[in-house]
Visitor: 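Please find one structure pasted underneath; my questions will follow.
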Protein chains: 2
Amino acid sequence: MSASGVRARVRAEMTEEIKTVARRHLATDGANLSLRAVARDVGMASSAVYRYFASRDDLLTALIIEAYDGVGAAAETASARPAEGQADRLLALSHAVRDWALADPHQWALIYGSPVPGYQAPQDTIGPATRVIMAIAAIVQAGYQAGEIEPRPEPTGRYVEELTAVAEQFGPNVPPRLVGSAMSAYFQLNGAVSAELFGQLKNSVDDDRRGFFEFQMRGAAAFIGLT
Amino acid sequence: MSASGVRARVRAEMTEEIKTVARRHLATDGANLSLRAVARDVGMASSAVYRYFASRDDLLTALIIEAYDGVGAAAETASARPAEGQADRLLALSHAVRDWALADPHQWALIYGSPVPGYQAPQDTIGPATRVIMAIAAIVQAGYQAGEIEPRPEPTGRYVEELTAVAEQFGPNVPPRLVGSAMSAYFQLNGAVSAELFGQLKNSVDDDRRGFFEFQMRGAAAFIGLT
DNA sequence: CCATAACGAGAGCACTGCTCTTGTATTTCC
DNA sequence: GGAAATACAAGAGCAGTGCTCTCGTTATGG
């Protein structure tokens, strides 16, 4: 048992070291992660890496999961901090996500870049992937229960029925437009961050990008009805 | 001259065929475009392709330019159609962009996927890349001149000065918040389309995605102040 | 203590982007 | 028209990739 524990511990350490080196490579060389180069840096034969990750894609998936957990944790931490109201909480969460992305753009690109059609996200990723939107949902729900959301006419359409089905998972009588506008806020957040990282603000907003980002996210909060 | 014209014409045809085959490969095999595989399909040695494109990246850049021109043209065409008002024009443009992306997700991924930090867009791409946002700007400006935009308090902050500088390129006394909210609408458009293509709507909105998309873009229009 | 399983290293396969050389058309100049 | 210059296509070759297989070595568990 304790003997077998040695091997298990060594294996865990090796797995972690491979991921660490891979993350470093990703941050410097970009998205084209080379398993052989990682193996060289770790100091082992490339074939030995396959004892830890079945394929290069598996390694990338592991990094993707960690990245999702990274933004998710940043969002949750910011959301947990005391704030004046739910609108401010949403802004704090948004800034935390943006800051996380700016600190490590390659990790952001790993999870929100290249929407490859047909890509089947492994089962392990879908949990961590939902942390940010769930944090947003919690804020909106808190705002709704606190009466901080100004009433609006409910939209109509088939999609509203689908949103209603989602809304029921959060409680009875939750307005579907809140689900829709919360999702919209999440997509807006992703879009604004990606746009900034992609360089779309160049020659337009070069100085106060943080301020412009907040301007955009205030729009998202207003769409939800958060005052 | 006519003799040299033959060679030039053949060259143009070859260039076009390579791009066509490459686009097909991109649509089927995904982003990992193999120059050698393209060469095989065209029926020439891989080294011969380098007479037409200096590198694989150059080929990709050419495809990127064409993709930008593709969405740009779709957006402009939709924007040119008669509409009830500028809000409807913006919705039509948005749907056109979404339809274009749904028809060829890989081309969308090519231009709006993978925000690779430090990637320097070649000079040739920045023109076509701005067609969509310029079409949006034209709609907002038309709405402003037609008095279809309800007045709002101007925001404050350093970024507003930067937006003012941009606004002056469109005419005197154009409110900076219109520039900001127009850009925001563009980023929201990109975010909503990317989210749908990325599969983020799965298990939430599976049926009426078009309706939900319109819901989101109506929010963007409202943020601009388009009634 | 010994069979079993886990592991690391190396060779090898098929593939990639790209360069260089060689031979062949084609254009341009005299 | 013929000769020099140019454009082009093909092939070999280099360095790199992901991945597989084999072969010793080392640790584990009965």
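Since the model is a prediction, treat every value here as computed from it, not as a measurement. Convention: sequence-line order gives letters A, B, ...; per-chain numbering from 1.
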Visitor: May I have the distance from A:Tyr50 (atom OH) to C:dC13 (atom C1'), rounded to whole angstrom?
Guide: 13 Å

Visitor: State which residues pass salt bridge (charged side-chain N to carboxylate O under 4.0 Å, His left out) with A:Arg158; sequence neighbours excluded, sorted by chain then number.
Guide: B:Asp207, B:Asp208

Visitor: Once ring-ring contact (aromatic ring centres under 6.0 Å, His included) is applied, do any residues pair with A:Tyr68, and if so which ones, sequence neighbours excluded?
Guide: none

Visitor: For B:Ser204 and B:Gln200, indicate whether the former's side chain and the latter's backbone hold a donor-acceptor pair under 3.5 Å.
Guide: no

Visitor: If the condition is salt bridge (charged side-chain N to carboxylate O under 4.0 Å, His left out), which residues does A:Glu16 pass it with, not counting sequence neighbours?
Guide: A:Lys19

Visitor: D:dA9 C1' sits how many Å from B:Glu13 CD, rounded?
Guide: 17 Å

Visitor: Would you mind writing out the side-chain donor-acceptor pairs for residues 71-78 of chain B within the sub-3.5 Å range, not counting sequence neighbours?
Guide:
from	atom 1	to	atom 2	distance (Å)
B:Glu76	OE1	B:Arg131	NH2	2.8
B:Glu76	OE2	B:Arg131	NE	2.9
B:Thr77	OG1	B:Ala73	O	2.8

Visitor: Can you tell me if B:Glu13 has over 12 outside heavy atoms packed within less than 6.0 Å of its CD?
Guide: yes

Visitor: Could you give the CE-to-P distance, from A:Met44 to D:dG18, as a whole number of Å?
Guide: 15 Å

Visitor: To the nearest Å, how far apart are A:Leu35 CG and C:dC15 C1'?
Guide: 16 Å

Visitor: In whole angstroms, how far is the P atom of C:dC7 from the CD atom of A:Glu17?
Guide: 15 Å

Visitor: For B:Phe53 and D:dA9, give me the distance from atom CZ to atom P, rounded to whole Å.
Guide: 13 Å

Visitor: If the condition is side-chain hydrogen bond (donor to acceptor under 3.5 Å, both in side chains), which residues does B:Glu162 pass it with, not counting sequence neighbours?
Guide: none

Visitor: Between C:dG8 and A:Tyr52, is there an OP1 or OP2 to side-chain N/O distance shorter than 4.0 Å?
Guide: yes

Visitor: Under 4.0 Å, counting only non-hydrogen atoms across every strand here, what does B:Leu33 touch: a base, just sugar-phosphate, or nothing?
Guide: sugar-phosphate

Visitor: Just the atom pairs and distances: protein N or O near nucleotides 12-16 of chain D's N or O, under 3.5 Å.
Guide:
from	atom 1	to	atom 2	distance (Å)
D:dG13	O6	B:Arg36	NH2	3.4

Visitor: So which protein N/O to nucleotides 4-7 of chain D N/O distances come out below 3.5 Å?
Guide:
from	atom 1	to	atom 2	distance (Å)
D:dA7	O4'	B:Arg7	NH1	2.6

Visitor: If you only use heavy atoms from C-beta on, which nucleotide in D:dG11, C:dC18, C:dG10 is closest to the side chain of A:Ala45?
Guide: C:dG10

Visitor: Where the side chain of A:Ala37 is defined as all heavy atoms beyond and including C-beta, which of D:dC19, D:dT17, D:dA10 is the nearest nucleotide?
Guide: D:dT17

Visitor: In this structure, how many angstroms lie between the P atom of C:dC15 and the CG atom of B:Asp41, rounded?
Guide: 14 Å

Visitor: Rounded to whole Å, please give me the gap between CG in A:Leu59 and C1' in D:dT17.
Guide: 15 Å

Visitor: According to side chain to side chain contact (heavy atoms under 4.5 Å, CB included), who are the partners of A:Gln141, at least two apart in sequence or on a separate chain?
Guide: A:Gln145, A:Phe170

Visitor: In chain order, what residues pass the salt bridge (charged side-chain N to carboxylate O under 4.0 Å, His left out) check against B:Arg177, with sequence neighbours excluded?
Guide: B:Glu154

